[in-house]
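Count residues from 1 along the sequence. Only this structure's heavy atoms are used, side chains among them; waters, hydrogens and symmetry mates stay out.
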Amino acid sequence: MSEFSFRDLCCLFCCPPCPSTIAAKLAFLPPPKTYTVVQDPVSQQYTLHLTERAEWQYEEREKDLIDVFFTRTSRGNNIACFYVKASINPKYTILYSHGNAVDIGQMSSFFLGLGSRLDCNIFGYDYSGYGCSSGSPSEKNLYADINAAWHTLRSKFSLLPEKIILYGQSIGTVPTVDLASRTECAGVILHSPLMSGMRVAFPNTSRTWCFDAFPSIEKVPKICSKLLVIHGTEDEVIDFSHGLEIFSKSKTAVDPLWVEGAGHNDIELYSAYLERLKRFVCDDVKEPPTRLSLNGSVVTSNDAAGDTKNGFKNGTSGTGKNGNSSKSAKQVTNKAQDSSTATTTTSSSSASCLDSKSKVRSTTPLAQNGTSSGIDTVAS
């Protein structure tokens, strides 16, 4: 949590005193950069150096699996990019937009672990003003940043849209939704999404105003690709109701993942998270994007059984801190047409994906010490 001085508060609420501006200022909290990039004067190639704060969890030689470079956005900023070669023969490449209080240096171990388990390569980038990227963070820059990342994947790596999965976490769902609403791809994953900036900063907001920041809720119906929504029922940063509403507005959503008892920064620690992602990659994106009649199901303690070998947290169940989110989740479960269908169920084709051991690094956890790799914070 961040503490504001009197000067900070004046800048926040008075320059200018617009709700959308306040929401945008609360959204961006770039941390001190956790990596540096050095360019060789002869080869012009970049070398990555991670600081201790990046908490690299693999051997030093495996940093060679990360290609680091810069790409220029339409707004003139140079953004830092990591292309993580986690698989020799990847099923897809995941374009990952991270949360608001990390940079791609901190995400590097998570990228390698996630890509190895999903048999996918990962393309991560830092927003303008984050890490080694130039410029400053803003809503317009978010959209320009992901556009540059997308065009880099298409041109530099010659990837077809049907081989790219868009993944957004928290504030990263904003550029992800914007791009997905304009471009068709293999699939879209929204991890702890928000409806709009004002609905986060001012929870009683019931409509999207013309001056609202990050109006993702208005763009979700335009997404044509398969959409997976993931949200914790006890999210203390972006309320669970945001995930429910995003899911209900989508025309192409697949069976969502509601993680009972999970907050904003610990969903990755539940084994159900990885299981659902594997099923999405192995099964869901292969089928035509049609809207499911199933309204969702809740991951209980049985569904989120711990996978200590892979470093995931045991699932927990019970009433939330305020009881509201858990109640909403149970209402969704009661509406499900087939209660026997769980979000963590693995089909035969998924099983073949889970059992694939080639090119997979399963010995290192996606998160260490009980914390998530994609930590978000809220200014207060």
Open item on the list: For the CD atom on Q44, are there more than 12 heavy atoms of other groups (residues, nucleotides or ligands in this structure) within a distance under 6.0 Å?
Closed with: yes
Open item on the list: D103 vs K33, test: salt bridge (charged side-chain N to carboxylate O under 4.0 Å, His left out). Steps then yes/no.
Closed with: CA-CA 7 Å; D103 63 17; K33 62 182 179 182; over 6 Å; no
- [ ] Drop me the distance from L244's CG to K249's NZ, to the nearest 0.5 angstrom.
- [x] 13.0 Å
- [ ] Indicate whether the side chain of Y35 and that of D126 have a donor and an acceptor atom separated by less than 3.5 Å.
- [x] yes
- [ ] Verify, without hydrogens or angle tests, whether T73 (side chain) and A144 (backbone) share a donor-acceptor contact under 3.5 angstrom.
- [x] no
- [ ] Identify the two heavy atoms, one from S87 and one from C120, that lie closest to each other, and give their separation to 0.1 Å.
- [x] CB-N, 4.1 Å
Open item on the list: Between N78 and S134 (side chain of the first, backbone of the second, donor and acceptor by atom type, cut-off under 3.5 Å), is there such a pair?
Closed with: no
Task: Main-chain N/O of Y125 paired to Y96 side chain as donor or acceptor, under 3.5 Å - done: no
Open item on the list: Can a donor-acceptor pair be found, under 3.5 Å and without considering hydrogens, that links the side chain of Y58 to the backbone of G113?
Closed with: yes
Open item on the list: Let's go through M107 and F82 carefully: what are the C-alpha distance in whole Å and the side-chain angles of both, what is the deciding distance for side-chain contact (heavy atoms from CB on, under 4.5 Å) to 0.1 Å, and is it a yes or a no?
Closed with: CA-CA 10 Å; M107 297 295 292; F82 286 2; over 6 Å; no
TODO: Could you tell me whether a side-chain N or O of S196 sits under 3.5 Å from a main-chain N or O of P215, the two making a donor and an acceptor?
DONE: no
Task: Heavy-atom closest pair, residues Q106 and T34 - done: N-OG1, 3.2 Å
- [ ] For R182, enumerate each residue passing the salt bridge (charged side-chain N to carboxylate O under 4.0 Å, His left out) test, keeping only those at least two apart in sequence or located in another chain.
- [x] D178
Open item on the list: Treating R53 as the side-chain partner and G105 as the backbone partner, does any N or O pair qualify as donor plus acceptor under 3.5 Å?
Closed with: no
Open item on the list: When you measure from the side chain of D235 to the backbone of G232, do you find a donor-acceptor pair of N or O atoms at a distance under 3.5 Å?
Closed with: no
Open item on the list: Return the OG1 to CD1 distance between T176 and I189, rounded to the nearest 0.5 Å.
Closed with: 10.0 Å
TODO: Kindly indicate whether the side chain of I246, heavy atoms from C-beta on, has any atom under 4.5 Å from the side chain of L194.
DONE: no
